[in-house]
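In listed order, ligands and their atoms are each counted from 1. No experiment lies behind these values; they were computed from the predicted model shown. Because only heavy atoms are used, hydrogens play no part in the values below, and waters and symmetry mates are left out as well, while side chains stay in.
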Amino acid sequence: MDKLLIQGGHRLSGEIAIAGAKNAALPILCAGLLTDEAVELHNVPRLQDVATMLKLLEQMGLKVKQDGETVILNGDAIDKLEAPYQLVKTMRASILVLGPLLARFGEARVSLPGGCAIGSRPVDQHIKGLQAMGAEITIEAGYIHARAKKLKGTRIVTDMITVTGTENLLMAATLAEGETILENAAREPEVTDLANLLVAMGAKIEGIGTDRLVIQGVDKLHGATHSVIPDRIETATFLCAVATVGGDVTLRNARVDTLDVALDKLREAGAVITTGEDWIRVQMASRPKAVSFRTTEYPGFPTDMQAQFMAMNCVAEGSSRVVETIFENRFMHVQEMNRLGAAITIEGHTAIIDGVDKLVGAPVMATDLRASASLVIAALAAEGETCIDRIYHLDRGYDRMEVKLSAVGAHIQRVKS
Ligand code: EPU
């Protein structure tokens with residue numbers, strides 16, 4: 001298992017190029033299952049989760065050609081309508097094959113994902129929506145077995161806002177008979193990016209970017225070319241790193257309009273933020289000021305940025321309260337940050353952070369993707385050396401983070417084992 005060795009206390013300056021969004025790329029790759037024509041994708045990030053998804057899709061018979069950040073998919077010979085436990089257990093986003101397979105082939109067998117480090121994360125809303133569209137669904141030996149000769153459009157109101165649930169039902173609805181209305185739909189930019197690709201493939205979708213998606217089913221979708229949107233979470237992670245340790249960094253290939261709340265919070269913390277069409281510059285000359293927030297669905301404060309902002313709050317001037325409302329167990333980084341000298345206490349879904357003058361390096365362990373990113377930020381701010389173990393979590397969602405950070409002056413090194 002690789003580790004990261006970080007010597008803290010070095011300001012960051014220079015430029016970083018942002019990769020394509022993981023959480024847009026994953027559903028978009030699954031959309032390749034919806035057609036027998038070629039789907040050409042650009043700006044696909046080079047991540048472990050993308051590699052896992054491509055492996056899963058290839059097992060189903062989807063042809064994959066990959067050249068750097070370009071991926072060409074061809075679904076003219078899909079012959080296995082199954083997502084096995086071995087792959088689903090390593091990546092919950094595998095559930096995203098369920099809607100497309102069922103809609104195009106009338107059947108799918110997908111392993112139930114089970115729990116994960118950040119919470120129980122059921123998929124009942126995916127199932128409920130597909131059942132409402134006429135699918136017959138049984139749970140057999142840990143697998144969701146779904147069948148439907150032809151899905152039928154209907155009105156679906158999900159109990160809560162779910163990102164991959166919306167994406168699964170949206171993909172299924174594109175090939176259903178008649179009109180599907182998805183109420184309480186997720187409005188995340190990644191859902192919008194998927195919807196834009198589906199429209200380019202011939203889908204009829206109205207209300208893109210809103211919480212009410214109206215889809216007129218079509219008989220067939222065709223091939224298309226699409227570029228994945230820049231990763232707003234990767235962008236915010238680097239912005240947060242600079243706000244925590246100080247410096248002057250410009251992020252290239254960023255989508256400013258997807259980051260409103262994060263940018264406001266960074267300004268509140270004292271960072272100077274300037275933006276252009278596809279870049280964001282962050283300058284931080286002083287110690288950050290503590291900022292309180294509550295995670296919510298887009299366009300609110302993203303749960304995927306909670307841990308990174310908490311790292312900033314650890315060394316900030318003053319105290320802050322962070323409330324996590326999306327996942328029940330997303331404070332796994334707190335114990336590790338406290339090992340670095342942070343002063344965080346948890347009361348239910350709220351973390352109370354008293355900013356300390358300094359953190360001190362120590363061995364810590366990454367527990368999930370965003371927790372890992374937050375430990376990198378805390379380590380960059382800490383005095384001395386921090387060793388972060390189990391960074392395979394980081395590699396799932398960040399494209400060579402240590403290379404990008406080294407290029408702007410961080411003292412960070414991957415140790416292979
Ligand atoms: N939920 C249910 N039933 C369902 C679906 C969701 O109870 O059928 C609950 C979940 O347990 C959770 C809440 O609803 O409490 C929201 O979950 P959601 O379904 O929106 O999460 P997700 O689709 O599984 C995606 C991202 C996550 C991100 C969340 C929230 C992908 C591949 N994953 O997960 O990303 O945190 O939305 O924005 O898009 C990450 O990148 O690190 C990551 C965890």
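With Y298 as the aromatic partner, R187 does not meet the cation-pi criteria of under 6.0 angstrom to the ring centre and within 45 degrees of the ring axis.
Salt bridge present: E268 and K265 bring a charged side-chain N and a carboxylate O closer than 4.0 Å. Using a cutoff of 4.0 Å between basic side-chain nitrogens and carboxylate oxygens, K416 and D2 are scored as salt-bridged.
Pairs engaging residues 147-166 under the salt bridge (charged side-chain N to carboxylate O under 4.0 Å, His left out) rule: K128-D159, R155-E183 [sequence neighbours left out].
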Write none if no such pair exists; otherwise list each N/O atom of ligand 1 with its protein N/O partner under 3.5 Å and the distance.
from, atom 1, to, atom 2, distance (Å)
ligand 1, 3 (N), P122, O, 3.2
ligand 1, 3 (N), D124, OD1, 2.7
ligand 1, 8 (O), P122, O, 3.3
ligand 1, 8 (O), D124, N, 3.1
ligand 1, 8 (O), D124, OD1, 3.3
ligand 1, 8 (O), Q125, N, 2.7
ligand 1, 15 (O), I326, O, 2.6
ligand 1, 19 (O), T162, OG1, 2.7
ligand 1, 20 (O), V163, N, 2.8
ligand 1, 23 (O), T164, N, 2.8
ligand 1, 23 (O), T164, OG1, 2.6
ligand 1, 24 (O), R121, NH2, 3.0
ligand 1, 34 (O), R121, NH2, 3.2
ligand 1, 35 (O), N23, ND2, 3.2
ligand 1, 35 (O), D304, OD2, 3.2
ligand 1, 36 (O), D304, OD1, 2.6
ligand 1, 36 (O), D304, OD2, 3.4
ligand 1, 41 (O), K22, NZ, 3.0
ligand 1, 41 (O), N23, ND2, 3.0
ligand 1, 41 (O), R370, NH2, 2.8
ligand 1, 42 (O), R330, NH2, 3.4
ligand 1, 42 (O), R370, NE, 3.0

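For E336, there are no salt bridge (Lys or Arg N to Asp or Glu O under 4.0 Å) partners two or more places apart in sequence or in a different chain. Applying the salt bridge (Lys or Arg N to Asp or Glu O under 4.0 Å) criterion to D389, with sequence neighbours excluded, gives no partner residue.
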